[in-house]
Amino acid sequence: MTNQEDLEIMTLKKGDTVKGIIVKIEDNQAYVSIGYKYDGVIPIRELSSVQLDNAAAAVEVGQEVECKVVSINDNKESLVLSKRAVDSEKSWEDLEKYFASQEAFEVTVADVVKGGLVADVGARGFIPASMVERHFVEDFSDYKGRTLRVKVKELDRENSKVILSAKEVLEEEFEANKLKIMAELTEGQIIEGTVQRLTQFGAFVDVGGVDGLVHVSEIAWNHVEKPSDVVSEGDVVRVKVLKVDPEKGKISLSIKAAAPGPWDSAAGQINIGDVVTGEVKRLVNFGAFVELLPGVEGLVHISQISHKHIGTPHEVLKEGQEVQVKVLDFNPSEKRVSLSIKETEEAPAPSARPERSNNSSRDRGPKEVLNNPNVSLSNEGLSFTLAERFGDKLDKFKGNN
């Protein structure tokens, strides 16, 4: 039979499923040639399960589509088709398979709405804002048109509810990549990384897709109050791997250990006998620690602080004070410097003692007058006095005997 005969015999009714080619696209509809007497029309609302700005967002000229007949009127040559109805029936079968297997698949973001993203998966698929990325996203305006890998988290065909998650796919990919990278890292290895974020206790550095922690004590050789004083987000830094713990998923890094230590360079800058200026960093009972160079501290023993006797270093020094010190001993291999403050100062002259006079009587003061009739130190005077006072009593005592 000829093509004309085919057209005459072909019959359509509402609910039929047909295949055709997109031959024309207008803003709010697309025309489809299905081999019938006249072309069918797919209204924009029947092109997709999600809202479209124009028909071209869903189909293109020359594309083959499968549609369901929504209505037909030969008298008016009106044939209305729905691509959405066919896509929806097929998609639910696929979605149920993805939900059961938890297999990831790709979707294209069709719209950005309050609370998340919308994707056309044959049905309206919703990705909540909390399920888009591993990190918080404040503005999703540039996500429209992006392709994301997602998993089906919730599925309710009766209520046409489809909840998708891209975050879960990213988490799995991150963990797999993390284990791979951690297996390749070795303690003591020096690598480059990028500072991702800062906290009060340290800096997180990306080393190939995995974050490691540089504790605040490992950022610099000198004391660091807060990480932001030394590094910024986005900085590329050299780090040394201190520890890798695959079980806990933790990587400990050090920025200062990847750079020459202050003691390495101090050898050419500090010499025994030098008098230098330093800052008192810490005071302890037995002395004061004075910083000579960033990260290089020496000890001024309490006996080397002052020429006069002191009970504690706090009596003459305070933290943050600048002092002149003399280097008594320097041992960079043991990271030890012995210092003295008093040797930078002139010793006070010894105090003069009073001379002793040859005439001792002059030093002793006036002699005591001994001609007092009531006081006698001689034996004779003592006897006279006793006889005078107790004579009568002695005579009576003798007579009785």
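Put simply, the side chain of N54 gets close to the backbone of A57: a donor and an acceptor are under 3.5 Å apart. With E168 contributing its side chain and S165 its backbone, the two residues share no donor-acceptor pair below 3.5 Å. Distance alone, capped at 3.5 Å, places no donor-acceptor pair between the Q29 side chain and the E26 backbone. Looking at W221, its side chain does come within 3.5 Å of a backbone N or O of K256 through a donor-acceptor pair. In this structure a side-chain-to-backbone donor-acceptor pair under 3.5 Å is present from T344 to I341. Listed for the D206 side chain is a donor-acceptor partner under 3.5 Å among the backbone atoms of G208. Between the D274 side chain and the V276 main chain, no donor and acceptor come within less than 3.5 Å of each other. With hydrogens and angles disregarded, no donor-acceptor distance shorter than 3.5 Å links the side chain of H307 to the backbone of P348. Under a 3.5 Å cut-off, the side chain of N159 and the backbone N or O of D156 do not form any donor-acceptor pair. Formation of a donor-acceptor pair under 3.5 Å by the K250 side chain with backbone atoms of D245 is not found in this model.
For the residue pair E96 / Y98, no side-chain donor-acceptor distance below 3.5 Å is found, with atom types taken as modelled. Under the 3.5 Å distance criterion, with hydrogens and angles disregarded, a donor-acceptor pair is assigned to the side chains of Y143 and E133.
Between V70 and S82 the shortest heavy-atom distance is CG2-CB, 3.5 Å. Contact detail for G287 and I305: the closest heavy-atom pair is CA-CD1, 4.4 Å. The two residues A30 and I22 have their closest heavy-atom pair at CB-CD1, 4.3 Å. The minimum heavy-atom distance between A123 and V162, with the atom names listed, is CB-CG2, 4.1 Å. Looking at every heavy atom in both residues, A58 comes nearest to L52 through CB-CD1, 3.5 Å. The nearest pair of heavy atoms linking V23 to V32 is CG2-N, 4.3 Å.
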Step by step, would you call Q63 with E60 a side chain to side chain donor-acceptor pair (under 3.5 Å)? CA-CA 6 Å; Q63 178 182 342; E60 59 185 18; over 6 Å; no

Give the C-alpha distance, both sets of side-chain angles, the deciding distance and a yes or no for salt bridge (charged side-chain N to carboxylate O under 4.0 Å, His left out) between D87 and K83. CA-CA 6 Å; D87 291 344; K83 177 178 179 294; 2.6 Å; yes

Decide side chain to side chain contact (heavy atoms under 4.5 Å, CB included) for L213 and V205; before the verdict, give the C-alpha distance in whole Å, the side-chain angles of both, and the deciding distance to 0.1 Å. CA-CA 6 Å; L213 174 64; V205 177; over 6 Å; no

Salt bridge (charged side-chain N to carboxylate O under 4.0 Å, His left out) between E103 and K151, worked out: CA-CA 6 Å; E103 180 184 349; K151 283 189 173 186; over 6 Å; no

Applying side chain to side chain contact (heavy atoms under 4.5 Å, CB included), run through D329 and I272 and close with a yes or a no. CA-CA 6 Å; D329 186 35; I272 295 176; 4.0 Å; yes

Assess the residue pair V152 and F105 against the criterion (side chain to side chain contact (heavy atoms under 4.5 Å, CB included)); give the C-alpha distance rounded to whole Å, side-chain angles, the decisive distance to 0.1 Å, and a yes or no. CA-CA 9 Å; V152 179; F105 60 99; 3.7 Å; yes

Intermediate values then yes/no, side chain to side chain contact (heavy atoms under 4.5 Å, CB included), L155 and R157: CA-CA 6 Å; L155 196 63; R157 185 166 186 173; 5.9 Å; no

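Both tests pass for K24 against the ring of Y31: distance under 6.0 Å to the centre and angle within 45° of the axis. A cation-pi arrangement is present between R134 and F174, with the terminal nitrogen or guanidinium carbon under 6.0 Å from the aromatic centre and inside a 45° cone about the axis.
Remark: R124 does not engage D120 in a salt bridge, criterion side-chain N to carboxylate O under 4.0 Å. Ion pair K240/E218 not flagged as a salt bridge, since none of the NZ, NE, NH1 or NH2 atoms sits closer than 4.0 Å to an Asp/Glu carboxylate oxygen. Electrostatic pairing of K97 and E93 does not count as a salt bridge here, judged by no charged N lying under 4.0 Å from a carboxylate O. Ion pairing between a basic and an acidic side chain is recognised when a charged N comes within 4.0 Å of a carboxylate O; E297 and K335 show no such pairing. Contact check on R84 versus E46 returns a salt bridge, with a Lys/Arg side-chain nitrogen under 4.0 Å from an Asp/Glu carboxylate oxygen. A salt bridge links K281 with E291: at least one charged nitrogen is closer than 4.0 Å to a carboxylate oxygen. Ion pairing of K68 with E89 is present here, as a side-chain N (NZ or NE/NH1/NH2) and a carboxylate O approach within less than 4.0 Å. Under a 4.0 Å N-O distance rule, the pair K161/E154 qualifies as a salt bridge.
When each of I42, N73, I34 is paired with L79, the side chain to side chain contact (heavy atoms under 4.5 Å, CB included) condition holds for I34 and for no other.
Atoms CD and CZ, from E233 and R197 in turn, are 9.0 Å apart once rounded to the nearest 0.5 Å. A distance of 11.0 Å separates NE2 of H223 from CZ of R282, quoted to the nearest 0.5 Å. Atom OG of S306 sits about 7.0 Å away from atom CD of E345, to the nearest 0.5 Å.
Within 6.0 Å of atom CD in Q51, 12 or fewer heavy atoms from other residues, nucleotides or ligands are found, so the atom counts as exposed in its surroundings. Within a 6.0 Å radius of CG in D27, other residues, nucleotides and ligands contribute 12 heavy atoms or fewer. The number of heavy atoms from other shown groups lying within 6.0 Å of NE2 (H135) is above 12. Crowding of E322 atom CD: a count of heavy atoms from other residues, nucleotides or ligands under 6.0 Å not exceeding 12. Residue E187 places its CD atom among more than 12 non-hydrogen atoms of other residues, nucleotides or ligands, all under 6.0 Å distant.
Taking 4.5 Å as the limit, some side-chain heavy atom of E138 sits within range of a side-chain heavy atom of F136. Looking at heavy atoms from C-beta onward, I190 lies out of side-chain contact with V239 at the 4.5 angstrom threshold. Under the 4.5 Å side-chain criterion, counting only non-hydrogen atoms from C-beta, L12 is in contact with Y36. Considering only heavy atoms from C-beta on, I72 stays 4.5 Å or farther from K13 through its side chain. Within the 4.5 Å cutoff, no side-chain heavy atoms of L328 are placed close to those of L339. With a 4.5 Å cut-off on side-chain heavy atoms, T199 and F204 count as touching. The side-chain heavy atoms of V230 and V224, taken from C-beta on, include a pair separated by under 4.5 Å. Residues E106 and L148 have side chains not in contact (no heavy-atom distance under 4.5 Å, counting atoms from C-beta outward).
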